[in-house]
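One structure is given below, encoded as structure tokens.
Note that ligands are numbered from 1 as they come in the structure, with each ligand's atoms numbered from 1 the same way. For the numbers below, each heavy atom of this structure counts, side chains included, while hydrogens, waters and symmetry mates do not.
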Amino acid sequence: MTDLHRLSVRELTEGLAGAKFSSRELTEHYLKRIEKIDAQVKSYVTVTAEQALAQADAADAAIKADNATALTGVPIAHKDIFCTQGIKTTAGSKMLDNFISPYDATVVAKAKAAGLVTLGKVNMDEFAMGSTSENSFYGATANPWNLSHVPGGSSGGSAAAVAADLAPFATGTDTGGSIRQPASFCGLTGLKPTYGRVSRFGMIAYASSLDQGGPMARSAEDCAYLMNVMAGHDAKDSTSVEKDVDNYVANLNGTSVKGLRIGIPKQYFNVAGLDADVKARVEESLKKLEEMGAILVEIDLNMTESYVPTYYLIAPAEASSNLSRYDGVRYGYRAENPVDLMDLYKRSRSEGFGKEVQQRILIGTYALSAGYYDAYYVKAQKVRRLIQQDFLKAFESVDVIAAPAAPTTAYKIGANLSPVEMYLGDIYTIAVNLAGLPAINAPVGFDKDNLPVGLQLIGNYWSESQLLSVVHQYQQATDWHTQRAAIAEENA
Ligand code: GLN
């Protein structure tokens with residue numbers, strides 16, 4: 001078969017189980033595509049061909065022996081923030097360019113246990129700080145819909161790989177939008193779970209109280225398959241929650257759009273930088289949901305103006321603490337010929353970290369320093385609580401909240417926005433992380449330049465099944481999620 005990359009995850013599981021093709025054929029097919037097409041997209045930092053083929057053969061043996069899970073033999077790409085034993089894990093940083101983890105992240109271990117085949121590790125903004133993937137030490141990744149545009153970030157490699165059909169699905173992480181915004185820019189479905197639903201063990205830390213892993217794929221159905229693997233309590237992550245996991249695939253038809261109350265925050269649709277095409281596509285998608293029986297309810301989210309300043313204090317504060325471990329001594333990059341210990345620290349960190357990361361360490365250290373702690377950090381924590389309360393109040397009258405995922409479509413590579421312009425692009429995603437809520441992006445059309453637009457649905461705590469189900473219903477009634485970029489149509 002020449003078009004294995006066009007199959008959905010469900011079709012892949014059925015084809016493997018029914019011996020229509022083997023995991024080896026499927027894996028070779030993807031490796032061939034990566035070899036031919038990824039020179040243009042640059043989504044992979046590391047391709048693990050040899051290991052993938054060995055995993056594929058093991059998967060084929062397990063399927064034959066009737067010892068397989070639903071996903072045994074299906075390929076996957078992992079964001080290069082998840083530690084992989086024996087395979088380089090860089091987090092997009094020169095600091096970790098030589099880092100080989102001695103253990104697997106829990107998410108990676110679970111993927112292996114489910115029989116998934118690791119194709120490789122995909123690109124990202126350095127330490128997940130950014131919205132374009134241009135902050136990677138390994139250079140920019142291209143958006144498959146238009147190669148001169150960014151795929152978004154920080155999980156830009158994950159999004160680009162899936163959108164170019166260089167992996168059926170991928171893991172991502174979301175600290176302030178890094179699953180939802182690249183999914184939006186690349187026309188994909190991406191789910192940021194409730195904080196604590198997916199283990200953070202072995203996921204390189206950016207801002208620990210906000211970081212959360214999740215699936216990125218073409219459809220809600222494909223995401224549900226991966227969510228079934230990723231979700232669950234982990235004794236190795238003290239913030240992971242001991243709560244039963246749903247069967248997200250079985251629940252795909254569990255929520256009806258009929259009677260679903262969708263909150264439309266007034267403040268969100270009056271944001272100055274909201275692109276007219278994005279607004280129009282999001283409104284059309286809401287109209288469609290209304291036709292399907294949803295009830296649109298105007299709501300207030302009064303804290304909207306506080307989102308960006310609050311996030312850009314808390315996230316850098318936590319980052320400055322988390323990144324203090326990279327000291328040139330224990331692991332990672334080490335400056336050459338240090339004259340003394342201070343010189344070793346200073347130069348290892350100045351040479352090993354890129355500009356955006358250094359900028360955030362400076363901001364975070366400032367906000368946490370003795371004289372400013374109360375004025376900035378403590379105050380931001382208080383505002384964070386108000387933001388959460390704002391959402392909880394809204395959820396008293398609605399089931400989900402609708403928003404764009406981003407105010408614009410994908411930027412041009414090299415657009416070189418100022419930090420403030422770049423940070424304002426996170427307005428629709430970061431409050432969800434501050435509140436610890438789940439949210440999903442679904443593709444809902446294109447702008448005048450044929451770049452994808454995304455609709456974000458924010459749910460109450462632990463409503464992942466509901467979000468996936470609502471998007472699944474929408475995707476049964478529309479075909480935005482089946483549209484492919486021209487480069488994905490190319491055969492290897
Ligand atoms: N763009 C946001 C930032 O730069 C979000 C990144 C993320 O979710 N990892 O912090």
- Message: Residue-level breakdown please: for Thr175 versus ligand 1, do any non-hydrogen atoms fall below 4.0 Å on the side chain, on the backbone, on both, or on neither?
- Response: both
- Task: Would you mind listing which atoms of ligand 1 come within a distance below 4.0 Å of any non-hydrogen atom of Ala128?
- Result: 6 (C), 7 (C), 9 (N)
- Testing Tyr311, Tyr268, Tyr307 for ring-ring contact (aromatic ring centres under 6.0 Å, His included) with Tyr428, which one passes? Tyr268
- Looking at Ser154, which atoms of ligand 1 are within less than 4.0 Å of one of its heavy atoms? 9 (N)
- Query: Does CD in Glu421 sit with more than 12 non-hydrogen atoms of other residues, nucleotides or ligands closer than 6.0 Å?
  - Reply: yes
- Note on the structure: With heavy atoms and a 4.0 Å threshold, my read on which part of Tyr312 contacts ligand 1 is side chain
- Atoms in ligand 1 with a heavy atom of Gly176 nearer than 4.0 Å: 5 (C), 7 (C), 8 (O)
- Message: Looking at Tyr312, I want to see if its OH is surrounded by more than 12 non-hydrogen atoms of other residues, nucleotides or ligands under 6.0 Å.
- Response: yes
- Gly130 heavy atoms within 4.0 Å reach ligand 1 at atoms 1 (N), 2 (C), 3 (C), 4 (O), 6 (C)
- ligand 1 atoms nearer than 4.0 angstrom to some heavy atom of Tyr206 are 3 (C), 9 (N), 10 (O)
- Item | Neighbour count >12 (heavy atoms, 6.0 Å) for atom NZ, Lys94 | yes
- Message: Could you check whether Asp97 pairs with Lys88 (Lys NZ or Arg NE/NH1/NH2 to Asp/Glu carboxylate O, under 4.0 Å)?
- Response: yes
- Item | Close approach of Gly177 to ligand 1, heavy atoms, under 4.0 angstrom | yes
- Query: Which residue supplies the protein heavy atom nearest to atom 7 (C) of ligand 1, what is that atom called, and how far is it?
  - Reply: Ser178 OG, 2.3 Å
- Heavy-atom nearest neighbour in the protein, as seen from atom 5 (C) of ligand 1, with distance rounded to 0.1 Å: Tyr311 OH, 3.5 Å
- Close N or O approach (Gly153, ligand 1; < 3.5 Å): no
- Query: So does Asp300 pair up with Lys266, basic N to acidic O under 4.0 Å?
  - Reply: yes
- Task: Please check if any side-chain donor atom of Asn322 sits under 3.5 Å from a side-chain acceptor atom of Ser208, or the reverse.
- Result: yes
- Task: Using non-hydrogen atoms of the residue, decide whether Tyr423 is closer than 4.0 angstrom to ligand 1.
- Result: no
- Query: Is it true that Arg218 and Asp165 have a side-chain N and a carboxylate O under 4.0 angstrom from each other?
  - Reply: yes
- Message: Quick one about Gln212 and Asn433 (side-chain donor to acceptor, distance below 3.5 Å, no hydrogens or angles considered), yes or no?
- Response: no
- Message: Looking at ligand 1, is there an atom of it that comes within less than 4.0 Å of some heavy atom belonging to Arg360?
- Response: yes
- Please check if any side-chain donor atom of Ser209 sits under 3.5 Å from a side-chain acceptor atom of Arg384, or the reverse. yes
- Message: Can you confirm, on distance only, whether ligand 1 has an N/O atom lying under 3.5 Å from any N/O atom belonging to Met129?
- Response: no
- Note on the structure: protein heavy-atom neighbour closest to atom 2 (C) of ligand 1 works out as Asp426 OD2, 3.3 Å
- Query: What part of Glu356, side chain from CB on, backbone N/CA/C/O, both or neither, has a heavy atom under 4.0 Å from ligand 1?
  - Reply: neither
- Query: How far is atom 1 (N) of ligand 1 from its nearest protein heavy atom, and which residue and atom name does that atom have?
  - Reply: Ser131 OG, 2.8 Å
- Task: Hey, can you tell me if Phe391 and Phe395 have their rings parallel, tilted or perpendicular (30° and 60° cut-offs)?
- Result: parallel
